[in-house]
Every structure is written in C-alpha cells, then in structure tokens.
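Read the structure below first, then the notes.
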Amino acid sequence: MIKAQRGTKDIFGEEIATWQWIFENAKTVFQNAGFEEIKTPIFEATELFNRGVGDSTDIVNKEMYTFSVGGIEKNETSITLRPENTAGVVRSYIEHNMSRQSPPQKFWYFGPMFRYERPQAGRQRQFHQAGVELFGIKDATADTEVIITAVNFLKSLGLADLTVELNTLGCPKCKNDYKNSIKEILAPHLENLCDDCKMRYEKNPLRILDCKNENCKKIFEKDEIKEVILKDYICDECREHFDELKKYLDELNIKYTINKMLVRGLDYYNRTVFEIKSEALGSQSAVCGGGRYDGLVEMLGGTSTPAVGFAMGVERLYTLVDKITPSKTDFFVVSNNTKEAMKLVQKLRENNKSTEFDLQKRKFAKQLEKASKIAKYAIILGEDEIEKNFYSLKNLSTGEQKKIDSFDELLDY
RNA sequence: GCGGGUAUCGCCAAGUGGUUAAGGCCCCGGAUUGUGGUUCCGGUAUACGUGGGUUCGAGUCCCACUACCCGCCCCA
C-alpha cells in the first residue's frame with residue numbers, strides 16, 4: 001500500500017471545515033488591513049533560498065527539498081521546494097518592478113511550505129504558512145501595521161490571549177558590534193560550550209543565546225557575560241525606531257514583552273523581530289514569527305527597499321483553535337420520484353441553496369433518516385405534493401412540518 | 001543526525017503461548033412498502049505494521065526492519 005510520505009498528511013473530513021475557517025479569517029483580516037493576496041510558485045531556483053534565507057541557516061543547510069529536472073546535461077537550474085515564502089515574494093516584487101508602485105506594497109499569502117525535518121508535535125515536512133509582507137516603509141508604522149495584523153488575525157480565531165515577544169537586532173552595524181562583543185567575551189569559555197554553540201560561535205554568534213544546554217546556560221549566567229549579552233549595542237537611530245514601535249503598540253493596547261534573547265533563525269532580519277508563542281503547543285511553541293528585513297530586496301538584486309513581515313504556522317494555529325463543526329446542508333429533498341426530485345434540487349442549487357437528495361433511490365424512511373443527519377430541512381415531494389403542486393417542508397430539528405405553496409417561498413428558509 | 005514510546009477492522013478497543021481474534025462506534029438491512037433522530041433484531045469487513053526466528057502451537061516470546069508519536073537540534 002502506498003502511504004502519504006513521512007511528515008505529510010491528508011486534510012479532509014472533520015478537519016476541513018476548520019481549515020477553511022482559518023483561511024477565510026486570514027483572507028478577511030489581511031484584506032481588511034489592505035494586504036493583497038499573492039500566489040507565488042511552490043518551487044523556485046535553489047539560489048533564491050541560498051541567498052535569501054541565508055546559507056548559514058539550518059533551513060538551507062539541511063532542510064531543503066532540492067532537486068534538478070531535465071538532467072544535468074540540459075543545464076537546468078537546481079530547483080527547491082519553498083521552505084518559506086518571504087524569499088519568493090521578494091523575488092516576485094523585484095521581478096515585476098513593484099518598487100515603482102507607490103509604497104507601501106502589501107501582500108498576504110497562504111500555502112504549503114516544505115522542510116526536510118524530523119516530524120514531531122507541531123512540525124511536519126509539508127506544512128502551511130499564512131503570512132504578510134509589507135514593502136517600502138522604513139517607519140515603525142509599518143512594523144506596527146504588521147504586528148497588529150498578526151494580532152487581529154489571532155483574535156479573529158479566538159486566540160486573543162497570546163502575547164507578542166519583541167526584540168530589536170539593530171541595523172547591520174549594531175548587529176555586528178553586538179556579535180563581536182559576544183565573541184570576545186565568550187572566547188575564553190569556548191572550550192566549555194556545547195558543540196552546537198561552538199558552531200554558532202563561528203557562524204552566527206547571536207544564535208548562541210538560544211542554546212538550551214544547561215552547561216552553556218550556566219556560562220551565560222556569569223555576571224560579566226550576562227552584562228555583555230544584556231547590554232544594548234543599538235544605535236540611536238535603531239533605538240528610536242524601536243521606541244516608536246513600542247509607543248504605537250502601547251497606544252493600541254497590544255500586550256508585548258521584550259525578550260532580549262529573541263534573535264530568530266533566518267539571516268535576513270534586522271531591527272524589529274517578534275514571535276507569538278503558546279504554551280499549549282508543547283515544545284514547538286511559536287505560532288508566529290516575523291520581523292523587519294530591510295536588506296533582503298537589495299541582496300536579491302532589487303533596489304534597496306525596507307520591508308517587514310510575518311509567517312504563521314497554520315497547523316499550529318489549528319491545534320489551538322476551537323474546532324468548527326461543518327454546517328448542515330439547507331435542504332434534503334425526500335421523494336420516490338427521482339426525476340421530479342432532481343429538478344427541484346437543481347432549481348434550489350441555482351438559487352444558491354445547498355441541497356441534496358438520495359442518489360440510491362432508497363425507500364422513504366431511509367431518505368428521511370439520511371436527511372435528518374445532514375440537512376436543516378427536508379422537502380417532501382411525494383405523489384400528493386407533485387399532483388397538487390405544493391411542498392411539504394419539515395424542520396428536522398423540531399419535527400415541525402408545514403405546507404409551502406410556491407417555490408419562491410422555499411427560498412426564505 | 002541523536003534519544004524515548006507505540007503499532008489488533010474506517011475509528012475506539014479487549015486479548016499477557018492453546019479451538020472459528022471479544023466488544024463499542026460508524027455503515028448497511030429489517031421490525032416500520034410516504035415521515036427521521038429512541039428502541040429491538042440481523043448483517044458487511046483483505047484487522048493482529050513488515051520480514052525472519054523459537055515452539056506441537058505465536059496477536060501474545062526473541063531479532064531485524066518500517067511507520068507513526070514524543071523529546072533534542074532548529075523552526076511556523
């Protein structure tokens with residue numbers, strides 16, 4: 001038997017109503033905030049992610065679905081299934097010269113992403129993200145717009161109590177100063193750090209702060225090191241930007257906590273980074289991650305353009321959300337006269353009523369039994385009704401039945 | 001890549017070496033040939049993850065593999 005691939009799953013049946021509901025909420029909330037939907041391809045040139053996501057990241061180093069088609073002799077470019085969607089949207093933004101439109105340019109997306117990882121709770125190899133990207137605005141108004149959109153979306157899903165964790169990484173210069181100080185203070189302790197941290201020390205010292213190894217944590221607790229870690233290397237301009245963002249969020253009554261240790265794993269972030277977490281998720285606790293990436297458009301060959309965005313993990317949202325029970329169909333036509341039943345069903349559907357009937361030509365009682373399971377109303381179309389030209393409408397939750405004289409009257413239910 | 005756990009019909013689930021592998025839900029039919037959701041009766045099904053081994057006999061014991069779940073790393 002051929003089974004779904006490891007880390008992938010079929011979404012159907014009971015789950016589908018909730019999935020559709022999440023999608024509808026995303027669409028409504030994002031569009032109300034002026035974001036336009038963008039659908040970019042599910043595969044892109046590998047090069048895009050190597051440069052866009054960053055080749056020091058785990059995503060690029062060990063998690064990408066990369067392959068080539070058409071054979072090497074044809075000189076096809078190497079292709080990769082998108083592990084995230086910011087790079088793709090930025091590519092599209094550049095390719096279509098969108099920077100020539102008046103800023104801001106605002107996009108939202110909802111779709112599958114692919115990462116080759118060991119599956120566990122809240123993690124799959126094919127998973128879905130809903131996100132937004134906002135281009136062209138340097139001001140903290142843009143960061144605010146993006147964060148408030150994330151919060152509004154969560155609220156629309158009934159997840160109002162999650163708090164936003166905020167941090168600022170500063171501009172490339174602040175980031176570098178910070179990195180160098182961390183490297184400097186940790187240099188004497190390098191021997192005692194875990195292997196992961198040794199690697200991070202070389203590749204991305206900021207990420208050392210994420211380490212959960214007890215031994216490393218102890219080292220970071222030392223006063224002189226803690227001081228360096230917690231010290232601000234943020235320049236005046238970056239600090240102003242961050243202060244402004246916090247001021248706006250305060251004004252809007254958005255709860256947030258500052259988390260100095262929040263650095264995020266993708267290389268392209270600068271200044272604002274944020275995450276929204278839920279304890280209820282277990283160890284994969286982040287439902288939403290995002291931030292500012294002012295350098296990315298230029299790095300991928302466009303004109304220098306400030307940008308900020310976020311991505312939400314839809315599977316993780318799904319586990320948090322109250323599940324939707326699928327709504328019942330409006331009508332079920334019960335009849336032993338298949339031809340007349342079909343005609344009525346067709347007319348109702350043309351008038352935008354969800355309607356079903358028994359395709360198995362079963363006896364009356366069975367049809368009604370089926371109707372009571374899936375429909376709000378049964379329309380009984382028997383010999384009497386057909387002959388005398390009326391409908392018997394039965395409310396299947398109350399059992400009440402009444403005579404309806406015209407088709408138009410049915411449409412009121 | 002590294003640890004831990006689990007695997008019996010579509011779903012839940014008994015079973016701890018001895019006939020034809022319980023039961024519940026779902027589904028189908030009947031009681032009730034034009035009035036459902038309750039009840040009663042009956043029925044369908046390629047179920048012991050895969051491959052080996054021990055044994056007179058294996059769902060049950062042993063080995064290997066696979067898949068899934070959980071944790072680490074990392075991320076949404």
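This structure is a prediction, so every number in the text was calculated from the model and none was measured. Note that these values count all heavy atoms, side chains included, but never hydrogens, waters or copies made by symmetry. Residue numbers start from 1 in every chain, and the chains themselves are labelled A, B, ... in the order their sequence lines are given, proteins ahead of strands.
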Residues in residues 327-334 of chain A with a heavy atom under 4.0 Å of RNA chain B, by number, are none
Interatomic distance, OG@A:S285 vs CZ@A:R316, rounded to 0.5 Å, equals 7.5 Å
When you measure only distances, ignoring hydrogens and angles, does the side chain of A:Q367 come within 3.5 Å of the base of B:rU35 through a donor and an acceptor?
no
Ordered by number, residues from residues 370-381 of chain A within less than 4.0 Å of RNA chain B (heavy atoms) are A:S372, A:K373, A:I380
Discussion item. Less than 6.0 angstrom separating the ring centers of A:F30 and A:W108, yes or no?
Written reply: yes
Heavy-atom nearest nucleotide on RNA chain B taken for A:R123 and for A:Y116; more 5' hit belongs to A:Y116
Rounded to whole Å, CG of A:D10 lies from P of B:rG10 at a distance of 15 Å
**OP:** Kindly confirm or rule out a cation-pi arrangement of A:K353 over A:F331, judged by NZ or CZ under 6.0 Å from the six-membered ring centre and within 45° of its axis?
**Re:** no
field: Distance under 6.0 Å and angle within 45° of ring axis: A:K394 vs A:F332
entry: no
In Watson-Crick or G-U wobble terms, with both distances under 3.5 Å, the base opposite B:rA64 is B:rU50
Subject >> Cation-pi, A:F43 ring and A:R82 (6.0 angstrom, 45 degrees) >> reply: no
Has the side chain of A:K363 got a donor or acceptor atom sitting under 3.5 Å from an opposite partner on the base of B:rU33? no
Roughly how far apart, to the nearest Å, are B:rA14 and B:rU8 at atom C1'?
10 Å
Exercise. Can you tell me if A:Q129 uses its side chain to pair, donor with acceptor, with the backbone of A:M113 under 3.5 Å?
Worked result: no
Within residues 308-324 of chain A, those residues having any heavy atom closer than 4.0 Å to RNA chain B are A:A311, A:G313, A:R316
Q: State yes or no: are the ring centers of A:Y93 and A:F135 separated by less than 6.0 Å?
A: yes
Across every strand shown, the nucleotide meeting Watson-Crick or G-U wobble geometry with B:rG71 (both distances under 3.5 Å) is B:rC2
Are any of A:R118's side-chain N or O atoms less than 4.0 Å away from OP1 or OP2 of B:rC72?
no
- Task: Flag the pair A:F107 / A:F35 as yes when their ring centroid distance falls below 6.0 Å, and as no otherwise.
- Result: no
| task | Remember a base hit wins even if backbone is also touched, and classify A:Q401 as base, sugar-phosphate or nothing at under 4.0 Å, heavy atoms. | result | base
Donor-acceptor contact present, side-chain A:D294 to main-chain A:A307, <3.5 Å
yes
Regarding the side chain of A:P119, the nearest nucleotide among B:rC73, B:rC68, B:rC69 is B:rC69
- Query: Any side-chain N or O of A:Q120 less than 4.0 Å from the OP1 or OP2 oxygen of B:rG71?
  - Reply: yes
Checklist entry - What interatomic distance, in whole Å, is found between C1' of B:rG71 and the corresponding atom of B:rU60? => result 30 Å
Legend entry - P-based separation of B:rG23 from B:rG43 [nearest Å]: 11 Å
### Query
Angle class for the A:Y377/A:Y413 ring planes (parallel below 30°, perpendicular above 60°, tilted otherwise)?
perpendicular
